[in-house]
Amino acid sequence: MVQNWWRQGMAGAANAHYLGIKAFSETDFTDDLKSIDVPTLVLHGDDDQIVPIADSALLSAKLLKNATLKVYKGLPHGMATTHAGLINEDLLEFIAA
């Protein structure tokens with residue numbers, strides 16, 4: 001898993017990584033989120049050291065009209081990989097509802 005993440009990081013140009021982070025950290029998505037009216041599942045680990053939960057998932061869930069927020073205690077940024085079974089189970093439950 002760590003080697004795969006390293007591979008992904010090395011596959012992109014440093015400038016592309018920088019510009020991607022710059023774009024998503026400086027873009028205001030408030031109006032976009034407010035316009036979404038379909039059921040939306042927001043998943044986030046409360047130990048995410050890359051994208052802090054207070055600045056992302058908690059705000060997004062408030063702005064979305066029909067959001068379900070699920071916070072995973074102690075899970076990291078890469079939780080969809082590190083805890084795939086748990087995340088996939090919750091995704092399937094949401095889709096089936």
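Computed from a predicted model, the values in this text were never measured in an experiment.
Listed here is the closest heavy atom pair of His44 and Pro52: NE2-C, 4.1 Å. Of all the heavy atoms in Ala61 and Ala67, the pair that sits closest is O-CB, 3.6 Å. Across every non-hydrogen atom of Leu59 and Ala54, the tightest pair is CG-O, 3.5 Å. The two atoms that bring His17 and Gly12 nearest to each other are NE2-O, 3.4 Å, heavy atoms only.
Once rounded to the nearest 0.5 Å, the distance linking CZ of Phe29 with OG of Ser35 reads 12.0 Å. Expressed to the nearest 0.5 Å, how far CD1 of Ile53 lies from CG of Asp46 amounts to 6.0 Å. Here the straight-line distance linking atom CG of Leu43 with atom CG of Leu91 works out to 5.5 Å at 0.5 Å rounding. To the nearest 0.5 Å, atoms CG (Asp31) and CD1 (Ile36) are separated by 11.5 Å. The distance from atom CG of Asp47 to atom CD1 of Ile50, rounded to the nearest 0.5 Å, is 10.5 Å. For the atom pair NZ (Lys22) and CG (Asn15), the distance works out to 11.0 Å, reported to the nearest 0.5 Å.
Residues Leu58 and Leu41 are members of separate hydrophobic clusters, defined by side-chain heavy-atom contacts under 4.5 angstrom among Ile, Leu, Val, Met, Phe, Trp and Tyr. Under the 4.5 Å side-chain heavy-atom criterion for Ile, Leu, Val, Met, Phe, Trp and Tyr, Ile95 and Val38 are members of distinct hydrophobic clusters. Linking Ile, Leu, Val, Met, Phe, Trp and Tyr residues whenever their side-chain heavy atoms come within less than 4.5 Å leaves Val51 and Val71 in two separate clusters.
Atom NZ of Lys65 has more than 12 neighbouring heavy atoms from other residues, nucleotides or ligands inside a 6.0 Å radius. For Asn4, the CG atom sits in a packed shell: over 12 heavy atoms of surrounding residues, nucleotides or ligands are nearer than 6.0 Å. Other residues, nucleotides and ligands contribute only 12 or fewer heavy atoms inside 6.0 Å of the CD atom of Gln3. By the 6.0 Å contact criterion, OH on Tyr18 is open, its count of non-hydrogen atoms from other residues, nucleotides or ligands being 12 or less.
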Val42 vs Thr68, side chain to side chain contact (heavy atoms under 4.5 Å, CB included): CA-CA, chis, key distance, verdict: CA-CA 6 Å; Val42 179; Thr68 299; over 6 Å; no

Determine all donor-acceptor pairs shorter than 3.5 Å in which one atom belongs to a side chain in residues 72-87; sequence neighbours excluded.
{"unit_1": "Tyr72", "atom_1": "OH", "unit_2": "Asp90", "atom_2": "OD2", "d": "2.5"}
{"unit_1": "His77", "atom_1": "ND1", "unit_2": "Asp48", "atom_2": "OD1", "d": "3.2"}
{"unit_1": "His77", "atom_1": "ND1", "unit_2": "Asp48", "atom_2": "OD2", "d": "2.9"}
{"unit_1": "Thr82", "atom_1": "OG1", "unit_2": "Gly78", "atom_2": "O", "d": "3.4"}

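With a 4.5 Å cut-off on side-chain heavy atoms, Asp37 and Asn66 do not count as touching.
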